[in-house]
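Everything on this sheet refers to the single structure shown next.
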2 protein chains.
Amino acid sequence: MNTKQSFGEYIRKLREGQNLPIRKVASKLDIDPSTLGKIERGERSANKEMIPILATLFGIEEKNLGLILFSDKVAYQIIGEENTNEILKVAEKKIQYLKNLNLKQGKINFKN
Amino acid sequence: MNTKQSFGEYIRKLREGQNLPIRKVASKLDIDPSTLGKIERGERSANKEMIPILATLFGIEEKNLGLILFSDKVAYQIIGEENTNEILKVAEKKIQYLKNLNLKQGKINFKN
DNA sequence: TATTTTCAGGACAATAATTGTCCAAATTTA
DNA sequence: TAAATTTGGACAATTATTGTCCTGAAAATA
């Protein structure tokens, strides 16, 4: 897992590796070429529905592509803070706690 | 740091610990009592401007309160995914990379 | 118990953020 | 040079978020 690339950079390299124009990939995704261009440049976010399509197209694991997308989202959300590592650590524990809670009980109530 | 509490639960306990009605704290925050109630119940998000006010009011560290708020946000964003730990780990590396990059260069370009 | 205070939660409007398109200009490729 | 591709701004549409108001329930207090 290369952590030095954003989702956009990543899929751009994949696309260029196959010598595909934006136009064609965008058509597979059923979006405007301009939108895909923006996604590749990080000016728009990809959405989850695009993951399986791109994964199939480029022959990579859906799971990994999703990982790159979501880690980008998380990074983007807190990059402006000072104590990013602490935030992530506490978030991890919170998630563990909540998932565990969820096994025993029913729903999730989490919004902040 | 108690990771078993959301931001809302946390400030609710603080508030109740001082026997303050929602109304009064809400007034300090300059918001409707109903809004604070929702924040405490996790139906609304707190915003950053509230942090210093609440920290002062309850005599706690701004930094810690911010930590609770942001870790909540991160947790909430990815709680629905399977591989949350991996996501956090990759996000951490990405942030390190970006921060380091930022020291050398200028701005941030990150949005996904 | 009656009154008052507090709190919960739905409905709503206002605002903000996100998403995607269209188009024209710039760049790249053939 | 001509054609194809890509960039990026302006824009509209959609969606998400924020906070208020209000009513009724619950809790506290007299």
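Model, not experiment: these values are computed from the prediction. Below, chains carry the letters A, B, ... as their sequence lines are ordered, and counting in each starts from 1.
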Nearest atoms (heavy-atom pairs only) where [X] meets [Y]:
| X | Y | value |
| --- | --- | --- |
| A/Glu9 | A/Ser6 | OE1-N, 3.0 Å |
| A/Ala26 | A/Pro33 | CB-CA, 3.6 Å |
| A/Ala55 | A/Leu65 | N-CD2, 3.8 Å |
| B/Phe7 | B/Ile68 | CA-CG2, 3.6 Å |
| A/Val74 | B/Ala91 | CG1-CB, 3.8 Å |

Answer yes when [X] and [Y] have at least one side-chain N-carboxylate O distance shorter than 4.0 Å, and no when they do not.
| X | Y | result |
| --- | --- | --- |
| A/Glu40 | A/Arg12 | yes |
| A/Lys63 | B/Glu82 | no |
| A/Arg41 | A/Glu43 | yes |
| B/Lys48 | A/Glu81 | yes |

Check: Counting only side-chain N and O atoms of B/Asn47, is one of them less than 4.0 Å from OP1 or OP2 of D/dG19?
Finding: yes

Figure out the [atom1]/[atom2] separation between [X] and [N], and round it to whole Å.
| X | N | atom1 | atom2 | answer |
| --- | --- | --- | --- | --- |
| A/Lys73 | C/dT19 | NZ | C1' | 11 Å |
| A/Ile39 | D/dT6 | CD1 | P | 14 Å |
| B/Leu36 | D/dT18 | CG | P | 14 Å |
| B/Asp30 | D/dT18 | CG | P | 17 Å |
| A/Ile31 | C/dT19 | CD1 | C1' | 10 Å |
| A/Gln77 | C/dA17 | CD | P | 14 Å |
| B/Leu20 | D/dA27 | CG | C1' | 17 Å |
| A/Leu69 | C/dT18 | CG | C1' | 14 Å |

Checklist line | Estimated bend of the helix from C/dT1-D/dA30 to C/dA30-D/dT1 (axis per five terminal pairs, rounded to 10 degrees) | finding: 40°

Check: Rounded to the nearest 0.5 Å, how far does CG of A/Leu88 lie from NZ of B/Lys93?
Finding: 12.5 Å

Any protein N or O atoms within reach of nucleotides 24-30 of chain C? Criterion: under 3.5 Å, listing atom names and distances.
none

What pairs of nitrogen or oxygen atoms, one from the protein and one from nucleotides 7-13 of chain D, lie under 3.5 Å apart?
| from | atom 1 | to | atom 2 | distance (Å) |
| --- | --- | --- | --- | --- |
| D/dT7 | OP1 | A/Arg12 | NH1 | 2.9 |
| D/dT7 | OP2 | A/Arg12 | NH2 | 2.8 |
| D/dG8 | OP2 | A/Arg41 | NH1 | 3.2 |
| D/dG8 | O6 | A/Ser34 | OG | 3.0 |
| D/dG9 | O6 | A/Lys38 | NZ | 2.8 |

Next item on the list: Check each of A/Leu29, A/Ile60, A/Leu69 against A/Leu54 using the side chain to side chain contact (heavy atoms under 4.5 Å, CB included) test, and report the only one that passes.
Entry: A/Leu29

